[in-house]
Chemist: 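Before anything else, here's the structure in question.
Model, not experiment: these values are computed from the prediction. Excluded from the calculations below are hydrogen atoms, water molecules and symmetry mates; all remaining heavy atoms, backbone and side chain alike, are included.
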Protein chains: 2
Amino acid sequence: MAAEETIRVLVIEDHHVVRQGLVALLNVVDGIEVIGEAADGVDAITQFRKHQPHVTLIDLRMPRLSGVEVIQRIRMETPQARFIVLTTYDGDEDIYRALQAGARAYLLKGMTTEDLVSTIRAVHAGKSHIPPAIAQRLAERMGTEELTPREFDVLEQIVHGRSNKEIASFLDISEATVKTHINSLLGKLGVTDRTQAATAAIQRGIVPLESLRKPKQ
Amino acid sequence: MAAEETIRVLVIEDHHVVRQGLVALLNVVDGIEVIGEAADGVDAITQFRKHQPHVTLIDLRMPRLSGVEVIQRIRMETPQARFIVLTTYDGDEDIYRALQAGARAYLLKGMTTEDLVSTIRAVHAGKSHIPPAIAQRLAERMGTEELTPREFDVLEQIVHGRSNKEIASFLDISEATVKTHINSLLGKLGVTDRTQAATAAIQRGIVPLESLRKPKQ
DNA sequence: GAAGTTCTCAATCGATTGATGGATACAGGG
DNA sequence: CCCTGTATCCATCAATCGATTGAGAACTTC
């Protein structure tokens, strides 16, 4: 199956070095051709429309439009589009959303060339390619309940180190109510106190690490 | 200054894609040549001895031997060696250690090609190149005291969500002692409770995020 | 051996936290 | 309309936490 068809790949990745690395790796592979690149979400959609790639490699963390949003929008107009999600950190909550949005596979940036190439071929052939470890974690997460918006607000404040009193004042509710929300979210996260809730929230990417240094808008 | 001297660069980076990207970017630049690559700390030292590069690009998070250790060991035998630290996340506590160990510059992986090239040239010319934002943060950190080993043990347990009683039992000391250590480390971290201590520890890279999923050996 | 660190422990006390039970509102489905 | 589920809110109370003070033992460093 030498010259069956060249797989046309679009690479969406904001880190210049990583994007260049992907292109350099892929362009020496037989049967794969990088036909476009994008460094942010908006450009990604433009490039997709222009080139209509077979397979799109996409980073999740990007300026302007997140990877998940890009996948959702593109699949609105091109449902058969095939995406492989790239991510640095595998605790990422967004992976789960991306796969729900229709991504077919998932790769860590520490992957080997063989991983990359075989995954691209598999996805182009219509297969999905989720590592067992991720599949299991996804299954676990399916069973767990989603946090309500209010619970999310409270969790965000907990991660930022606010006390119940401060959270109550910030959200303009009573301290007792804050405690109720905390109690609920502790149960949903499967933890027993606020410190565990904070680390779990960071680890799972529910509250992004980047938000910590900022003085909360 | 066209053909003054070709700068010989060694690239130490465990992520295959990133390494490939750096090499691809640098090899098209006039006056810079990548003369070696390494994917882990031990190999890094071997490659350094073999090629004696002018400038070494080095990632901090690596298997076998950390970037900081590599810098320290190489500078033991080659004090004039020049390092540029690469890192993904700029909250990294290790940056500070790397610069103390003798790194001359620091680059985020989201940098542009111009950043990369000009930094390599600057460092090769003997200059240092620390972004103002990092310099300021370093200055701040200089004033703060280091945690003692025991305080670090306790902080690690806090991040893992253990209660004082559990920490006491785990470290085989009394709960009172645990409280003493917590009191000290709260002061040194500049925070007021354990939840803030946990998020600060993660944010600054004092306790690595990867250690969270594991059931604590 | 004097000085400095670190680690250890204790006791007290006010503040914070988390568990529990319960109230209200509001949405479909039957 | 009633029932069920869900999200929001509040109060009480015991357990935990953090601040504070003081002090002895082990280990460096000079």
Chemist: Going through the checks in order, is the side-chain contact (heavy atoms from CB on, under 4.5 Å) test met by A:Leu107 and A:Val85?
Modeler: CA-CA 6 Å; A:Leu107 284 171; A:Val85 167; over 6 Å; no
Chemist: Atom NZ of A:Lys165 to atom C1' of D:dG18: distance rounded to whole Å?
Modeler: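 Taking NZ of A:Lys165 and C1' of D:dG18, I get 14 Å after rounding.
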Chemist: Just the rounded figure in Å: distance from C1' of D:dC17 to CG of A:Asn164.
Modeler: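 From A:Asn164 CG to D:dC17 C1': 13 Å.
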Chemist: Are A:Thr46 and A:Asp43 close enough that a side-chain donor and a side-chain acceptor fall under 3.5 Å?
Modeler: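 Their side chains do not contain a donor-acceptor pair, so the 3.5 Å distance test is not met.
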Chemist: Listing time: all N or O pairs from protein to nucleotides 3-7 of chain C that are below 3.5 Å?
Modeler:
{"unit_1": "C:dC7", "atom_1": "OP1", "unit_2": "B:Thr148", "atom_2": "OG1", "d": "3.4"}
{"unit_1": "C:dC7", "atom_1": "OP1", "unit_2": "B:Arg150", "atom_2": "N", "d": "2.9"}
{"unit_1": "C:dC7", "atom_1": "OP2", "unit_2": "B:Thr148", "atom_2": "OG1", "d": "2.3"}

Chemist: Between B:Glu175 and B:Asp193, which residue's closest nucleotide on DNA chain C lies nearer the 5′ terminus?
Modeler: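 The residue mapped nearer the 5' terminus is B:Glu175.
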Chemist: To the nearest 0.5 Å, what is the distance between CG on A:Leu60 and CD1 on A:Ile71?
Modeler: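 A:Leu60 CG to A:Ile71 CD1: 6.5 Å, rounded to 0.5 Å.
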Chemist: How would you summarise protein contacts on nucleotides 19-30 of chain D per nucleotide, using B for base, S for sugar-phosphate only and - for none, with heavy-atom distances below 4.0 Å?
Modeler: BB----------
Chemist: Can you check the A:Leu147 CG to D:dT6 C1' distance for me, whole Å?
Modeler: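 Atom CG in A:Leu147 sits about 14 Å away from atom C1' in D:dT6.
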Chemist: Against B:Val9, only a single residue in B:Ile35, B:Leu22, B:Ile32 fulfils side-chain contact (heavy atoms from CB on, under 4.5 Å); can you say which?
Modeler: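 Testing B:Val9 for a side-chain contact (heavy atoms from CB on, under 4.5 Å) against B:Ile35, B:Leu22, B:Ile32 leaves exactly one candidate, B:Ile32.
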Chemist: Separation of A:Leu185 atom CG from D:dA7 atom C1', in whole Å?
Modeler: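 For the pair A:Leu185 CG and D:dA7 C1', the rounded distance is 14 Å.
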Chemist: Do A:Thr180 and A:Asn183 have side-chain N/O donor and acceptor atoms under 3.5 Å apart?
Modeler: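 A:Asn183 and A:Thr180 do not have a side-chain donor-acceptor pair below 3.5 Å.
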Chemist: Find the distance between CD (B:Gln80) and CD (B:Gln52) and round it off to the nearest 0.5 Å.
Modeler: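 It is 7.5 Å, given to the nearest 0.5 Å.
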Chemist: Check A:Asp59 with A:Arg19, please: is the shortest side-chain N to carboxylate O separation under 4.0 Å?
Modeler: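 Salt bridge between A:Arg19 and A:Asp59, a charged N being under 4.0 Å from a carboxylate O: no.
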Chemist: Specify the separation, in whole Å, of atom CD1 of B:Ile158 and atom P of D:dT16.
Modeler: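 It is 16 Å, rounded to the nearest whole Å.
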Chemist: Rounding to a whole Å, what distance do you find between B:Arg194:CZ and D:dT16:P?
Modeler: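 Taking atom P of D:dT16 as the reference, CZ of B:Arg194 is at 12 Å.
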Chemist: Please round to the nearest 0.5 Å and tell me the distance separating atom CG of B:Leu86 and atom CD1 of B:Ile12.
Modeler: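 If we round to the nearest 0.5 Å, B:Leu86:CG and B:Ile12:CD1 are 9.5 Å apart.
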